Amino acid sequence: MTYRPSAYTEMLRCTLLGHLRSRMAVLLAVAFIPAWIMVARLCAPDRTLRFSLESAGTDVLAPANHVSQVVNALAAVTLVTGFSMFMETFKAGETDRRLVLAGYPKLRMLLAKVTAVALVTALIAVYTMAVLGSSLPVNQLGPLALAVFGAGLAYGGIGLLLGSLVRGELEGFFLVIMLSLVDTGLQNPVLNVADLTGLSALPLYGACQSALAAAFTSFTPWSYGLLSLAWSAATSALALLAFHVRTRPHCRIAPEVLAGTPHP
């Protein structure tokens, strides 16, 4: 079919337009990210905090106020990307199913959605770094930006997966919000006064370790950044499976009908 080579490009264009038309998602990205960083700046204590940073292999001394701003920035990014990807995927569900029935290739459609996740997350990461960089001194801007980008990718993939799985908006909102809040709360050294086991299994662990190391040390733990990519790849693969199941036709057409012969 002549449109197959451009199916990826067309789906990418439509997905990005869907994100731009979501006023709530745009409002969250523009207003919520700086507001959440400001909350940490105003409310967190100014005392010096000593915490163990596994990615750097040492204890780190940093103002609790600065640590909270970095973690809150990650929390804001995860909420915005997770919410945005869930909403776009959920609302496009019926349209996606019709496109598949019309002959659009499923894999190219999902690859376009994953590409949209990366593009939107990159834009949000740049904006977040502009806000965060103007609020506190950062040792390594580049690695911190990559950590923020990784956090957005991880939760963008989760939003993509939930959009293909859940049947109602409320369930999706609840899962994205609760997972992000619990994850960032447990990763925050200001709140996490005891070493807890199992933190490395959470989506934000790698990004948070990388972000704190980039913000307050001269060490760059590149391997921890790969954990966010692993989460994004795993959730995208599961989203492909859920997308395949969701877009299956509900009935089968008999072979003799396809061949043009009457059914006896």
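Note that the structure is a prediction, hence the values are computed from the model and not measured.
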Heavy-atom pair with the smallest gap, counting every atom of Asn139 and Ala214: CB-O, 3.5 Å
Do Glu94 and Arg98 meet the salt-bridge criterion of a basic N to acidic O distance under 4.0 Å? yes
Measure the shortest side-chain to side-chain distance between Cys208 and Asn188 over non-hydrogen atoms and say whether it is less than 4.5 angstrom. no
Within the side chain of Gln209, is there an N or O that forms a donor-acceptor pair under 3.5 Å with the backbone of Glu54? yes
Determine whether the side chains of Thr121 and Thr81 contain a donor N or O and an acceptor N or O closer than 3.5 Å. no
Lys113 with Glu88: basic N within carboxylate O range, under 4.0 Å: yes
Please check if the distance between the ring centroids of Tyr155 and Phe83 is under 6.0 Å. no
Ser135 side chain to Val131 main-chain N or O, any donor-acceptor pair under 3.5 Å? no
Is there a side-chain contact between Ile37 and Arg41 in this structure, where contact means two heavy atoms from C-beta onward sitting under 4.5 Å apart? no
Got His19 and Met85 here, is their nearest side-chain heavy-atom distance under 4.5 Å? yes
Compare all side-chain heavy atoms of Asp183 with those of Pro203 and state whether any distance is below 4.5 angstrom. yes
Using the six-membered ring wherever Trp is involved, compare the ring planes of Phe216 and His66 and label them parallel, tilted or perpendicular (cut-offs 30° and 60°). parallel
Can you check whether Gln69 reaches Asn65 side chain to side chain, under 4.5 Å on heavy atoms? yes
Quick one: does Phe86's side chain get under 4.5 Å of Leu160's, heavy atoms only? no
